[in-house]
Amino acid sequence: MGKTIICHCEDISIEELFSAVEQGYKDIESIKRYTGIATGTCQGKCCLIQTLRALASGDDRSSPKTASESAASTPLKGIAVKMPTIRQPVIPARIDRIIKAGEKAVKKATGKA
Amino acid sequence: MNRTADMVIIGGGVNGVACAYYLARRGMKNIVLFEKGYLGYGATGRCGGGIRQQWGMDENIILARDSVRMFEKLSHELGFNIFFRQGGYLILISDERDYDLISKTIPRQNELGVPAELLEPKDIASLVPGLNLKTIIAGAYCPTDGTAYPYAVLWGYAEAAKRRGVDIRLHTEVLIISRKSGGTYEVTTTNGTVHTPRILNVAGAATRNTASMLGIVIPTKPYRHEIAVSEPLKSFLDPMVISIRKGFYFSQSLRGEIVGGIGDPDEPSSSSTASSPEFLFRYAEALRKTFPALGKVRIIRQWAGLYDVSPDARPIIGTVDGVDGYYHACGFSGHGFMLSPVVAKLLSELITTGKTSIPIDSLNLKRFSEPGLTRDPYVVG
Amino acid sequence: MPVEKNPAPDPHSEPSKAVFDFEGRSLEGIAGEPIAKSLFRAGIRILSYSVKYHRPRGIHCGRGRCGMCHMEVDGIPGIPTCNTPLENGMKIRRQDFRPFFAPVLTAAARRFPLPAGFYYRRFTKPVFLKNLFMDSLRKMAGVGRVTLDEEERLAGIIPDCLGTFDRIKPHYDVIVVGAGLSGMSAALSAASSVSGKRGDASGPQRNEAEQDNMRILLMDEYPNPGGHSIGHQDDSGLLNKRDDLAREVAEHPLIHVASGTLAQGFYPPSTILIAPTGGSIASAQGMKQVTARAFIFATGAYDIIPLFENNELPGIFGSRAARLFLERDGYSLGKTAAVYGTGAELERTVSLLLSKSIDITAVVEAGANPRETPARGSVPESVQRISNAHLVSANGKRWIDSATLITEAGRGERITLRCNMLCTAFRGQPAYELPHQAKFNFSLSDDVLDEERIMIPDEVERRDATGTACILAGEAAGETNWRRKIEQGKEAGEKAANAASAIKETGEKA
Ligand SMILES: Cc1cc2nc3c(=O)[nH]c(=O)nc-3n(C[C@H](O)[C@H](O)[C@H](O)COP(=O)(O)OP(=O)(O)OC[C@H]3O[C@@H](n4cnc5c(N)ncnc54)[C@H](O)[C@@H]3O)c2cc1C
Ligand code: FES
């Protein structure tokens, strides 16, 4: 225990986010793929905004520091806080339900004729 | 930025970063790589990561075979785990025509050192439990084929290249290339200008656009290909399963997701990378038919990328007559990821020595001005 | 005629018992109520474990979005148990199938955080170690399980769709996604603009022929219109308005109200993929593609749980989830709550909890400069308040038992509050999926307080080259005041109707 998890689907801690940035992964698309943040089952619905906030403020808010401490520790200067591409489907879709509902009407109609 | 370089590489896809690495390893200094987005913004970051040696033409078999040998050592060499996993490739055969072709090709693949074999349905059933074999008459299987994580390959090469001094400029687009007197090029980007004696054009589906800046005509066309990924599942599927006839493939990633796609033979050429609902319906249907148990699994994300397709679906690699210091590699027609280690290594040889350890003359741009093109029947899509 | 609904658990009908199997134990619950609620009552509160550190996870978002309550039900992996109705005879199990050596790795991982890129950077040599590592990773990875020996059970079947979903047409003038206050108001104003221009007949009855006349589709994933206006029990003005709007949209001849319909994605320029919600997990529901000339996204906002230690411990949830548990599902995850938040959302949540007889340990107001000055509303003075505090951790092993905060915005004293629920109540994050797919740009708001920063759309209206309009309204546009939401919906509806008729006219001329 005692961890601050920023992405619970992929179990990624806030330290991992910052260390990815330190390692040179500095845009949200690369950060996402390098750490796994926002690539889980929820596709970032629960973690993307915190990630962007953390990148913007450049500081791990869960352990309060003084302003100068956080300025010194921030590896995040110059990161563009941008929304990554949000793909379809919005909610995970079961493969056996990805089927055209309209086909029913068509089949019924031809069945009658 | 206003500077000179010994080499400018256009494109931060797998071919760009791999070439940067091999060139630097051969001692070339002062290499700059421009990528208009992030690493993997093009086809590499959108691809299925499949690596197979089961091909129809010698040229492809040899290049893919040598690539696999390189992929096997790559994690070690780069100090970066690229997640290369040799789960094999299983090609499903459902008609006599494919059966004839594949059973005739396997001996040649074996001669060239690729351990492919023909499987009967009952062998397929034990290799991949859960497949619907109703319409399957046989399978071709090569255990040393596999998959790698495309981003890890990109990052691994890029980090190793950076350690050897390569300057990788992300979010920098090449806008204009012009030839200057004295045999140099002026490359204008969104972020300054560079003068260089050499250019390597590996801009994926945009290679023909960057080539046209120098008056070079490349006859490739972009085609959108869509792909989707499921929620992560406990591992149950070892090989990549493909159907050449249907242009359909799926595999299970190391994270447990089912990654796969299906082509649409009727789709016209376009540079759109928008996803479509039609793809979801087609892909879901193909998956349900091929692997019924996957019906209960959920798709969490779909996306699309571009195949850069050449008239004979074979890559275009090498130099262009009359344009000194210019090199390119494009037209991979949907199988450029698997060839990248060897292609990049050969390009680095060509650029530094003028020769390659495997002949690649047959892949020169010139072939399109000569009569008669040969297409590899194993091309998907 | 009342609006037709997709079959959904009706809270007023007689509850019928359902016997189900949970990991080999036979338990009893109520058919039709969320599976997670029945499990909760039976004392099963840990619904999953996290993939890497094996941390316990419980019911959290209440909307099937977050994944913490996903379980295997009747052999189907990844069923969101928080909003899937219980059926008699269901077989339910957690999805954590770890090979025997995994606990060792997990224990190590729990102790030592894995650095970013760990997977890529460790064990690349020697080869045998790399292979061992890859094998272990492969065995540990993944959540759900696929049963391979099952027959092709749903392949190739004709989808059986639910209620109104079947009658959704392939094309509308205007599609409104989200039937909250702004969505309903948008649909009404679009309808009156459309009918004003075209002079369509109206009447309260609708038969099949009249269905053809419906030019506006108003859809919502929930079984009833009203969106997240549930849980505003002390604001009768809002509730009356909501009921009026719901009645008006239901009776309007031009509006097709499709409740229980989920927008699965926007595909530019003008297609939306929709799926029915609700119904049995075994039913083979299909999907539809619907097009329109104008779209209004009134899809509301999400809870964002701020960052603090153990912020995903079971018993922690957002204020929107609280409304769903308490109002829609009729149960509470605990008896004693700490509430952490700002502004109107905080006050509203506190009074909701109090109205359900939940003890409040303390109301913790975040930060010194919240965006909104709290209107204390109906919260009595006797409730303990701690202002300008910073929540630093939630504590507990398998369920939250206390929360620790530091006063003076993180510079003062450390206080630990005992509680078995922690509810965070901040301004929501506008649902960004569909707008982003429709090419809206977003920027991070510049609120002083980190917990209040959200991605807000740069504009509320976009038109593409074909003239198709996409308009945002309500909380999806960043609006939090309900009266303004209704106003905004109204404007969005007018704009959408205008855009739709402009395209129609160009189309007719061409
Ligand atoms: C859906 C899909 C699935 C695929 N599956 C497989 C598979 O399983 N196996 C396989 O082997 N292959 C597969 N491929 C093909 C494979 O992805 C490509 O052949 C390969 O990635 C090409 O790599 P590249 O480096 O040549 O090009 P790219 O990866 O496209 O890289 C080119 C880069 O150049 C950049 N660029 C373009 N113009 C400019 C400019 N003017 N200035 C600066 N930068 C520029 C682009 O942003 C891009 O990042 C698949 C492709 C797709 C689309
Ligand atoms: S919490 Fe990050 S993807 Fe779900």
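Heavy-atom basis, side chains included; hydrogens, waters and symmetry copies ignored. Labels below follow one simple rule: chain letters A, B, ... track the order of the sequence lines, proteins then strands, and each chain is numbered from 1.
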So, do [X] and [Y] sit near enough that their side-chain heavy atoms are less than 4.5 Å apart?
{"X": "A/M83", "Y": "C/H436", "value": "yes"}
{"X": "A/R94", "Y": "C/I79", "value": "yes"}
{"X": "A/H8", "Y": "C/S50", "value": "no"}
{"X": "A/K3", "Y": "C/R55", "value": "yes"}
{"X": "A/T4", "Y": "C/F308", "value": "no"}

Exercise for the section: Could you go through the side chain to side chain contact (heavy atoms under 4.5 Å, CB included) check for C/E433 and A/Q43 one step at a time? Expected result: CA-CA 10 Å; C/E433 290 88 348; A/Q43 287 290 292; over 6 Å; no
Exercise for the section: Heavy atoms only, distances under 4.5 angstrom: which of C/I168, C/N441, C/I305, C/N395 has the most pairs with chain A? Name it, please. Expected result: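 The option with the most such pairs is C/I305.
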Would you mind checking which part of [X] comes under 4.5 Å of any heavy atom in chain A, side chain (CB onward), backbone (N, CA, C, O), both or neither?
{"X": "C/Q289", "answer": "side chain"}
{"X": "C/A431", "answer": "neither"}
{"X": "C/I274", "answer": "neither"}
{"X": "C/F266", "answer": "backbone"}

Which atom names give the shortest non-hydrogen contact between [X] and [Y], and what distance separates them?
{"X": "C/L307", "Y": "A/A54", "result": "CD1-CB, 4.4 Å"}
{"X": "C/L444", "Y": "A/A56", "result": "CD2-CB, 3.3 Å"}
{"X": "A/E16", "Y": "C/Y53", "result": "OE2-OH, 3.1 Å"}

Distance, nearest 0.5 Å, that separates [atom1] of [X] from [atom2] of [Y]:
{"X": "C/M455", "Y": "A/L48", "atom1": "CE", "atom2": "CG", "answer": "7.0 Å"}
{"X": "C/I304", "Y": "A/C46", "atom1": "CD1", "atom2": "SG", "answer": "7.5 Å"}
{"X": "A/C42", "Y": "C/M68", "atom1": "SG", "atom2": "CE", "answer": "8.5 Å"}

Is the backbone of [Y] close enough, under 3.5 Å, to the side chain of [X] for a donor and an acceptor to pair up by distance?
{"X": "C/R65", "Y": "A/K45", "value": "no"}
{"X": "C/K52", "Y": "A/D11", "value": "yes"}
{"X": "C/Q264", "Y": "A/Q88", "value": "no"}
{"X": "A/R97", "Y": "C/M287", "value": "no"}
{"X": "C/Q437", "Y": "A/R87", "value": "yes"}

Exercise for the section: Step by step, work out the side chain to side chain contact (heavy atoms under 4.5 Å, CB included) result for C/Y432 and A/I49. Expected result: CA-CA 11 Å; C/Y432 50 76; A/I49 303 303; 4.0 Å; yes
Which region of [X], side chain (C-beta onward) or backbone (N, CA, C, O), has a non-hydrogen atom less than 4.5 Å from a non-hydrogen atom of chain C, or is it both or neither?
{"X": "A/I5", "value": "both"}
{"X": "A/C9", "value": "both"}
{"X": "A/I95", "value": "neither"}

Exercise for the section: Pick whichever of A/I98, A/T85, A/I91 has the most heavy-atom pairs under 4.5 Å with chain C. Expected result: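 Going by pairs under 4.5 Å, I would pick A/I91.
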Practice task
Please check if atom CG in C/D446 has more than 12 non-hydrogen atoms from other residues, nucleotides or ligands closer than 6.0 Å.
Solution key: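 No, not enclosed.
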